[in-house]
2 protein chains.
Amino acid sequence: MSNSHDIRSVPTPAGFQVGVDAVIFTVDMSASRLLVLLGAASHQFVETATAASDAPNWHLPGTLVGASESPESAARSLLWKTTQTKNLYLEQLYTFGEPNRHSPQAGQGHGARYLSVSYLALLGGNQPQALTPVNQDCQLAWHIFSEVPTLTFDQNKIINYGYARLRNKLEYSPIAFQILPESFTLSYLYQFYTIVLGENFSDYSNFRSRLLKLGFLQDTGLKTSRGAGRPATLYRFDRAAFAPYKDKPLVFV
Amino acid sequence: MSNSHDIRSVPTPAGFQVGVDAVIFTVDMSASRLLVLLGAASHQFVETATAASDAPNWHLPGTLVGASESPESAARSLLWKTTQTKNLYLEQLYTFGEPNRHSPQAGQGHGARYLSVSYLALLGGNQPQALTPVNQDCQLAWHIFSEVPTLTFDQNKIINYGYARLRNKLEYSPIAFQILPESFTLSYLYQFYTIVLGENFSDYSNFRSRLLKLGFLQDTGLKTSRGAGRPATLYRFDRAAFAPYKDKPLVFV
DNA sequence: GCAAAAGTGTTGCACTTACACCCATGG
DNA sequence: CCATGGGTGTAAGTGCAACACTTTTGC
């Protein structure tokens, strides 16, 4: 197809603008809901063909990658700017770069080639409802995951891909303990899993015995009570005890 | 940190060169080995500080992404150019973009910002040893996976990540059937899995009953014989029968 | 005592593991 | 008739789902 014989050369090497988009989840324990952070572009920046209405044009929070930063550090600073929390789990999701994919970036980059590296983030924090996102030119708001509106371009696809990854990670790796409080009760943990994975992911008592049998939940000796009912034991995630399970297929379900 | 209040603006939006690197595996059934395709840069192009010796400077096959193509289509044309086969499985792996990561691209892009989207490929073909890679300016050769040399930059990390992903996909999804011949015997399938996953992944008879119980291997009624021994039944992967299992956690192990 | 929340125990079923064994073919 | 490769069967052990039950607290 190309008349070049050097596999390194291609038709027309292009200059790309590289951006990151983040699917940012948080679990609202008090309201039992999974939340996702979305931004609404100021109308002056909206370029979509279909955006004639006054309805906000929701999109994933994003930023361009600067000359001196990596995509991951760009994602981290985006998270810090939008949520002001450092208690989070972050992982790369997927890179999208169709030639005709529009840049969500305004003004500049119009017509320029754009590539988006997407990230999955899960925020912790003891009172998620207090995580009021920073409002700047671009309006940010937490949305209930099950009720996300239609987003620009292919971003609903990205958000669903992020959710699928979140579920997988929660089931097969201990990311929950990275963002949960230092000590927690088993029913708190169960509630957390239930909100993300859905009501019927497991029976409470089976969840309980499975996790305790794994042996990396350490009884702190402390108890906590919330009004009526038997006080609950506080557990701590024991990193050392978990180490042997690292990289092994482990099921929390 | 930045004095900008628009989360979309960053210190210095950079122009990137975007490339794809491919971890290309194939299973050599006759020699029972997992092979990976590597290229050796012509010496005129070598820029590594440590490359003073005459030893070939092995790297993953790669190419720049052109102005009118997506990273995936760039990866596909790279695969076609290097291996001349269309019987393959392809999936995106990870995007690397550290600021100080060198571009493996020669000449051009010296000092320019470079981003690499890596892909995992698994090639089929009935006689893998016939898959003589196309030799161009850049020498290409199949290497035994367990004996890969040290590659440039972080590419050994990428190749190992690719292998981990390959194992996972093989265990939890039916990618093998995408590249295996239309009909195959169960011992051929077992041998294929054994080469990739290692000797002790499963007992043959258990592998057998598990796969047959799943119900998407269809008996073609045909038999094949290789000299002595009982003739083997030829099976076909039944896509329709597999459909219900799609997206479900399925274990082949 | 009673409701609420936490925590324990039991039972049946399904699946995995590790083998031993039988079948069909070529020489 | 035996070596070779294909294919079947089974008994012990493991894990999990479902559900009933006991314990500890506040009121």
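Order of the sequence lines fixes the chain letters, A, B, ..., with proteins taken first and strands second; residue numbering starts at 1 for each chain. As the structure is a computational prediction, the values presented were derived from the model and not from experiment.
Aromatic pair B:Tyr190/B:Phe201: centroids less than 6.0 angstrom apart.
Remark: side-chain polar atoms of B:Tyr89 are not paired, donor with acceptor, to backbone N or O of B:Leu120 under 3.5 angstrom. No donor-acceptor distance shorter than 3.5 angstrom exists from the side chain of B:Ser118 to the backbone of B:Leu93, with no hydrogens or angles considered. The main-chain N or O of A:Ala74 is found under 3.5 Å from a side-chain atom of A:Ser77 such that the two form a donor-acceptor pair.
The interatomic distance linking B:Arg230 (CZ) with C:dT25 (P) rounds to 8 Å, in whole Å. Counting to the nearest Å, the P atom of D:dG5 and the CD atom of B:Gln191 are 11 Å from each other.
One side chain, A:Ser30 or A:Asp28, offers a donor N or O that lies under 3.5 Å from an acceptor on the other. There is no side-chain donor-acceptor pair under 3.5 Å between A:Asn87 and A:Thr85.
For A:Ala228, whose side chain is taken as the heavy atoms from C-beta onward, the closest listed nucleotide among C:dA4, D:dG6, D:dT4 is C:dA4. Residue A:Ala232 has its side chain nearest to C:dG7 when only D:dG6, C:dA24, C:dG7 are considered.
Within residues 195-226 of chain B, the residues that have a heavy atom under 4.0 Å from DNA chain C are, in order of number, B:Asp203, B:Ser205, B:Asn206.
Dashed line: the shortest gap from a side-chain N or O of A:Thr233 to OP1 or OP2 of C:dG7 is under 4.0 Å.
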